[in-house]
Each structure stands twice: as C-alpha cells, then as structure tokens.
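Reading through the structure tokens given below for one structure.
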Amino acid sequence: MHIRILGAAAGGGFPQWNCNCPNCGGVRREELDARPRTQSSIAIRGADETAWTLVNASPDILAQLQANPQLQPGRAYRDTGIRNIVLTDSQIDHTTGLLMLREATRPWPLWCTDNAFADLTISNPILQVLQRYCGIDRQRIVTGEWFTVEGSDDLRWQAIALPGRPPPYSTRAPALGDVIGLIVEDVRTEARLCYAPGVANIDSWLFELMSSAQCVLVDGTFWTDDELVRLGVSHKRAADMGHLSQTGGMITWLDRLPATTRRVLIHINNTNPILVEDSPERALLSERRIEVAYDGMEIVL
Ligand code: MLT
Ligand code: MN
Ligand code: ZN
C-alpha cells in the first residue's frame, strides 16, 4: 500500500492567506525553518499504480495534483489516476476540492457517511452542483462495516465513528458518523494504516484499533488546547473544534503504542509550533519518534 500526503495542513493551510501569527509571518518572510503545507488530503493505492483513492478533496487540490504527477497517468486526452473518493467528514477543507474535479469524464464514485452526504446536499449542496457537471456515484459508508472501492480489490477499508463535530456551516444536530477515521488494510500483506485527521478524544477502543495498525496518521492540529485563544486569533479551543491537542493527550496515547508502530501527525494547524523544524516542541516529538507529515511525504506499508 502506498500513501501519498498531498496536503498536511489543517483548514487555512500554512501559511494561511490572512494570518500573521509567528509561524505564518515567519514562513512568508522566509525567516523560519519550516515548510509551507497545503490543506488536508491524502491519496492511497494498492498494487495498481493507476488506481488511487483520494481521501478528502482539499481546496488546494489543483496544486496538489500538479505536485504529484503520479496521479496523472496520461493515458488519454482526459485522464486521471484518481478512481475513487472517500470523505472522512464534510468540512470545507475536506470537500471544497470536489468542485475542482467537475471536468471528470464519468461520475465520481464518492464514499461518505449519511451525515456527510446530508451536509453536502442540504447546508452546502455541492453534490447537487456536481450532478450538473460530471455527476456523483454516491457510495454509502456505514461505520463499523468493511468496504472495497472499485479497481482496488487488494485494499479493504473500515470506517470508525470518532468523537467530533459537524462543520460550523452544518444545520444538523451532531450525530455519530459526523467524523470518521479509516482503517485501510492491504489484504496481501495485512499491513494496516489508521487514518484519523480529526479526533476529539481517544478511548481504549480506538486505541486498540490504532495498535492494530503498522502506521497511524492522526490529528496533529494543535499543540495545546488553548492555542488559538492564547494567540488571540479565536475564542475556540481545540476541543470545541473536535481536535485532541498533542499536549492534551495525543502524545501520551502515541507513546503507548507498540514500539514498531509508525506515528505520524497530520492536519497541522498553521499556529502549531511543531511546524518549525528547530523548535523545542518538534524536538520533543522527535525524541518520542513521532513524525510530522509534510506535502509530498510517501508512506509505503
Ligand atoms: C477543522 O478541522 O477544524 C478545520 O480545519 C477547520 C476549517 O476547515 O476551517
Ligand atoms: Mn480540517
Ligand atoms: Zn498563522
């Protein structure tokens, strides 16, 4: 199984267009040892090099496709290496890129929960919009059940319901299935990835699932729960936004994983000090063998 990190930042990206926090200002002025990152998305494939599944469709998808030519195999005048799309929630940073994929020559097989489908057809009806372009072939994700996407029989997927929140624009009441994590298993090798870019809390049940994976690619949004409040850029805490901060428990959970598990933080907010390569926070992660995802990172399991 090949996993390509297309975008490792949270909503807003790094630097964020209107942000002058020490990180965004510093990287914009090229004063910091830090890499810019686009908004949250990954792509996964099994043996077939031309059958990628896009997991979340970022507002930055066009730049991400340009930066990852393996997703454009060029077999016909109109072509793509993306065969399927899977969504982990209906947040703006995970779905806006769908509109940029409207020139597709066939309806997109789109896997999402009923919760996400409701948001994307009612509060933010971009799937209705897409029906007037390439069309959508909606596939239902039921949490707890395994599924296989078309063209990738060697991978199987399981959605796990995670504690989280519906997006701010949603008019629905919060419900189980608003945010999912994914277990992706290569059936040839039984290697597993656990992908959870947004998770508000970890319990022993989720920890067991994480422990069953060779690699966990998990919520790296915030270093502290009050990061945005302390910087004075928002009144929202990490927990209010459905994110478990690194110092609020994530590091402790990752420390308890089996020694061989690869631990990678993703969906990193631009305010997070771990983005700075020579920061003390980053050194603390390195001591614990916790990696920080970056655009273009490839993980092979
Ligand atoms: C989140 O996951 O909380 C988002 O990144 C917020 C956003 O997209 O603005
Ligand atoms: Mn997000
Ligand atoms: Zn910033």
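Both counts, for ligands and for their atoms, begin at 1 and track the order of listing.
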| Flag side-chain contact, heavy atom, 4.5 Å: L101 against C134 | no
| task | Could you tell me whether R37 sits above the aromatic face of Y294, with NZ or CZ closer than 6.0 angstrom to the six-membered ring centre and within 45 degrees of the axis? | result | no
| field | Beyond-backbone contact of L110 with Q139, side-chain heavy atoms, under 4.5 angstrom | value | no
| What is the ring orientation for W111 with F147, classed by angle as parallel under 30°, tilted 30 to 60°, or perpendicular over 60°? | parallel
Are there any N/O pairs under 3.5 Å between ligand 1 and the protein, and if so, what are their distances?
residue: ligand 1; atom: 2 (O); partner: H243; partner atom: NE2; Å: 3.0
residue: ligand 1; atom: 2 (O); partner: H267; partner atom: NE2; Å: 3.2
residue: ligand 1; atom: 3 (O); partner: H243; partner atom: NE2; Å: 2.9
residue: ligand 1; atom: 5 (O); partner: G11; partner atom: N; Å: 2.9
residue: ligand 1; atom: 5 (O); partner: D93; partner atom: OD2; Å: 3.0
residue: ligand 1; atom: 5 (O); partner: H267; partner atom: NE2; Å: 3.3

| note | The angle formed at the Zn ion (ligand 3) by SG of C24 and SG of C21 is about (to 10 degrees) 110°
| task | Kindly indicate whether the side chain of M1, heavy atoms from C-beta on, has any atom under 4.5 Å from the side chain of D154. | result | no
| S212 side-chain N/O to L209 backbone N/O, donor-acceptor pair under 3.5 Å | yes
| request: Tell me, please, if D89 has any N/O/S atom, main chain or side chain, under 2.8 Å from the Mn ion (ligand 2)? | output: no
| request: Tell me, with the steps shown, if R106 and E150 meet salt bridge (charged side-chain N to carboxylate O under 4.0 Å, His left out). | output: CA-CA 14 Å; R106 60 184 191 116; E150 181 210 303; 3.8 Å; yes
| field | the Zn ion (ligand 3) reached by Q16 (N, O or S, under 2.8 Å) | value | no
| query | the Mn ion (ligand 2) is nearest to which N, O or S atom of D93? | reply | OD2
| field | Derivation and outcome, side chain to side chain contact (heavy atoms under 4.5 Å, CB included), residues I266 and I42 | value | CA-CA 10 Å; I266 193 160; I42 67 171; 3.8 Å; yes
| request: Please find out if the Mn ion (ligand 2) and some N, O or S atom of H267 are separated by less than 2.8 Å. | output: yes
